[in-house]
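Working notes, beginning with the structure itself.
The structure presented is a predicted model; accordingly, all values stated were derived computationally and were not measured. Numbered from 1 within each chain, the chains take letters A, B, ... in sequence-line order.
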There are 2 protein chains.
Amino acid sequence: MTTRRDAVHDTLRQSEGFRSAQDVYAEMRNHGAKIGLTTVYRALQALADGGKVDVLRTDDGESVYRACATESHHHHLVCRRCGHTVEVAGPAVERWAEMVGSEHGFTEITHTVEVFGTCSSCSATPAG
Amino acid sequence: MTTRRDAVHDTLRQSEGFRSAQDVYAEMRNHGAKIGLTTVYRALQALADGGKVDVLRTDDGESVYRACATESHHHHLVCRRCGHTVEVAGPAVERWAEMVGSEHGFTEITHTVEVFGTCSSCSATPAG
DNA sequence: GGGGAAAATGAAAATGATTGTCAAAATCCC
DNA sequence: GGGATTTTGACAATCATTTTCATTTTCCCC
């Protein structure tokens, strides 16, 4: 039965930016879906494991998820105000990470890169 | 009274890689220091706020801290096996982040970049 | 040195996201 | 349909981190 998992995935697709598991759960309940928190967590993990959604940690340690347009490796530019997200490919960064790693004798290099900023709509609005 | 905070800082300096608050606390107690967990957390936060130590999140959401050699902006190359850390400056990455951000109309760009890998000593050892 | 305000400390309780448990429900295979 | 297997979800458990709050320490002015 993958209906619940699909429902979770759909909910994520309908969202603009990154959403926490709790968010997704609350939203699904608001829309009348019968689903448990536990299941949302499990679905999100399964989706993340399968590369169907991207995960990152907010500064306060909460995991947030997002259904991505592409399944290939990419990074995110996230608005710290409204959560609006742009996917960016950064070949330059990939090469830099590889280079830095091998320079120091490291192998199996992986990296995390996230860029935060204030998007144009939000910078037009007085700070809150 | 900043003695406790200094003690925490010292403990961090004596460590090779990143340590969690709980680690630092345990180590200080082992060395006979009279200090509470709460104080360790507070000291670590104060140190981090003041740019004296760097913070990052492990994959399981735990905050880890490290006393850095330089106080200027830099990133880390962390061995995923032994925690050995190398500080790397990445002007290329800084520029890339700025560029990507402004390309999309974002302002006040900040970024997180961490590179993980297996260091030469560890790759010489059979995986565990 | 003394007095009192303000900051630091720490033990224990609270918080909050995430995970584990386990029985009930849904699905599958034959 | 029937039983094995998987999925689900309510609730309890976990665990790092924060809060609370009373006690202790430091600081400043006299």
query = Testing H75(B), R66(B), H74(B) for side chain to side chain donor-acceptor pair (under 3.5 Å) with D54(B), which one passes?
reply = H74(B)
Closest non-hydrogen atom pair between T118(A) and E108(B), with its separation = OG1-OE2, 3.2 Å
task = In whole angstrom, give the distance that lies between atom CG of L47(A) and atom C1' of dT7(D).
result = 15 Å
key: Nucleotide dA17(C), atom P - distance to CG of L56(A) in whole Å   = 17 Å
query = Whole-Å distance between dT18(C) C1' and E62(A) CD?
reply = 10 Å
remark   = From CG of D60(A) across to C1' of dA16(D) the rounded distance in Å is 13 Å
inquiry  = Side chains of Y25(A) and R19(A), heavy atoms from C-beta outward: is any pair under 4.5 Å?
reply    = no
message = Measure CD/Q22(B) against C1'/dC15(D) and give the value in whole Å, please.
response = 8 Å
Closest heavy-atom pair and its distance - V55(B), Y65(B) = CG1-CE2, 3.7 Å
ask   = In whole angstroms, how far is the C1' atom of dA17(C) from the CG atom of D23(A)?
value = 12 Å
note = Taken to the nearest whole Å, CG/L44(A) to P/dA17(C) is 14 Å
request  = Determine the contact category for S63(B): base if any of its heavy atoms lies under 4.0 Å from a base atom, sugar-phosphate if only primed atoms, P, OP1 or OP2 are that close, otherwise nothing.
outcome  = sugar-phosphate
query = Q45(A) side chain N/O closer than 4.0 Å to the phosphate oxygens (OP1, OP2) of dT19(C)?
reply = yes
query = Is there side-chain contact between V40(B) and T11(B), with at least one heavy-atom pair below 4.5 Å?
reply = no
task = Would you kindly give the CG-to-P distance between D49(B) and dT18(D), to the nearest whole Å?
result = 11 Å
message = With a 4.0 Å cutoff (strictly under), does any side-chain N or O of Y41(A) reach OP1 or OP2 of dT19(C)?
response = no
Detail all sub-3.5 Å separations between protein N/O atoms and N/O atoms belonging to nucleotides 10-14 of chain C.
unit_1, atom_1, unit_2, atom_2, d
dG10(C), OP1, R4(B), NH1, 2.9
dG10(C), OP1, K34(B), O, 3.1
dG10(C), OP2, G36(B), N, 3.1
dG10(C), OP2, T39(B), OG1, 2.6
dG10(C), N7, R42(B), NH2, 2.5
dA11(C), N6, T38(B), OG1, 3.2
dA12(C), N6, T38(B), OG1, 3.4

request  = Take E98(A) and H111(A) through the side-chain hydrogen bond (donor to acceptor under 3.5 Å, both in side chains) test and state the conclusion after the steps.
outcome  = CA-CA 9 Å; E98(A) 279 295 333; H111(A) 60 276; over 6 Å; no
key: Short side-chain donor-acceptor distance under 3.5 Å, H9(A) and R13(A)   = yes
